[in-house]
Amino acid sequence: MVRESGCLSNTWKQILEDESHHLIVNEVAGKIVSSCVCVIIPNLTRSVRPYAFVENVVTHIDFRGQGFASECLEYAKQIAKQCNCYKMMLLTRSRKKEILDFYRNAGYNNTDKTAFIQWLDI
């Protein structure tokens, strides 16, 4: 267990020190109720403009449907704009209509590109 804890703390430190990695949280009464990650990725195309990748959009079940995740995504969008990103990408594993509609309502679409994922079992 100590080894895993060391790996976790090293990863946490690495994320916090990475200026391109943004942890976005929404709090209520000092408790995190919603969050997402936004990573700005340098790019050699599109006039060397970076793009943003959003992942791990999570809201505590007791706070869903109240706009907290939308606020997190909007904040990520502002970061992407400030960094001169030309696009934002988001992946979800969910197939639930209400979750896919949530992302569509937030301005994302699933018609422009096709995502392929290769899972690596280490």
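Both backbone and side-chain heavy atoms feed into the values below; hydrogens, waters and symmetry mates do not. Keep in mind that this is a model prediction, so the values were computed, not measured. Throughout, residue positions are numbered sequentially from 1 according to the sequence presented.
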Practice task
For the residue pair Q78 and Q82, confirm or rule out a side-chain donor-acceptor distance under 3.5 Å.
Solution key: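 Q78 vs Q82: no donor-acceptor pair found between side chains.
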Exercise for the section: Any side-chain hydrogen bond (donor to acceptor under 3.5 Å, both in side chains) involving residues 107-122? Give me the pairs, sequence neighbours left out, ordered by first then second residue. Expected result: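 Of all non-adjacent pairs touching residues 107-122, those that pass side-chain hydrogen bond (donor to acceptor under 3.5 Å, both in side chains) are N109-T111, N109-D112.
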Validation row: [X], [Y] side chains within 4.5 angstrom (heavy atoms):
X   : Y   : answer
L23 : W12 : yes
V54 : M88 : yes
F63 : N26 : no
V37 : I15 : no

Problem - Closest approach of A69 to T59 (non-hydrogen atoms, all atoms of both residues) - result: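 Heavy atoms only, the tightest pair is CB-OG1, 3.3 Å.
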Handout entry: Shortest non-hydrogen separation from A52 to C38 and the atoms involved
Key =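 Smallest interatomic distance, heavy atoms only, reads CB-SG, 4.0 Å.
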About how many Å separate [atom2] of [Y] and [atom1] of [X], when rounded to the nearest 0.5 Å?
X   : Y   : atom1 : atom2 : result
I40 : N84 : CD1   : CG    : 10.5 Å
K87 : R46 : NZ    : CZ    : 7.0 Å
K13 : D18 : NZ    : CG    : 12.5 Å

Problem - Whichever hydrophobic residues join V58 through chains of side-chain contacts under 4.5 Å - result: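 Members besides V58: none; it forms no cluster.
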Problem - V48: hydrophobic cluster co-members (side-chain, 4.5 Å) - result: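 Same cluster as V48: nobody, lone residue.
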Problem - Neighbour count above 12 (heavy atom, 6.0 Å) for E19 CD - result: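 Incorrect, the count does not exceed 12.
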Handout entry: Residues, nucleotides or ligands: over 12 heavy atoms within 6.0 Å of L16 CG
Key =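 Atom CG in L16 is packed in, count exceeds 12.
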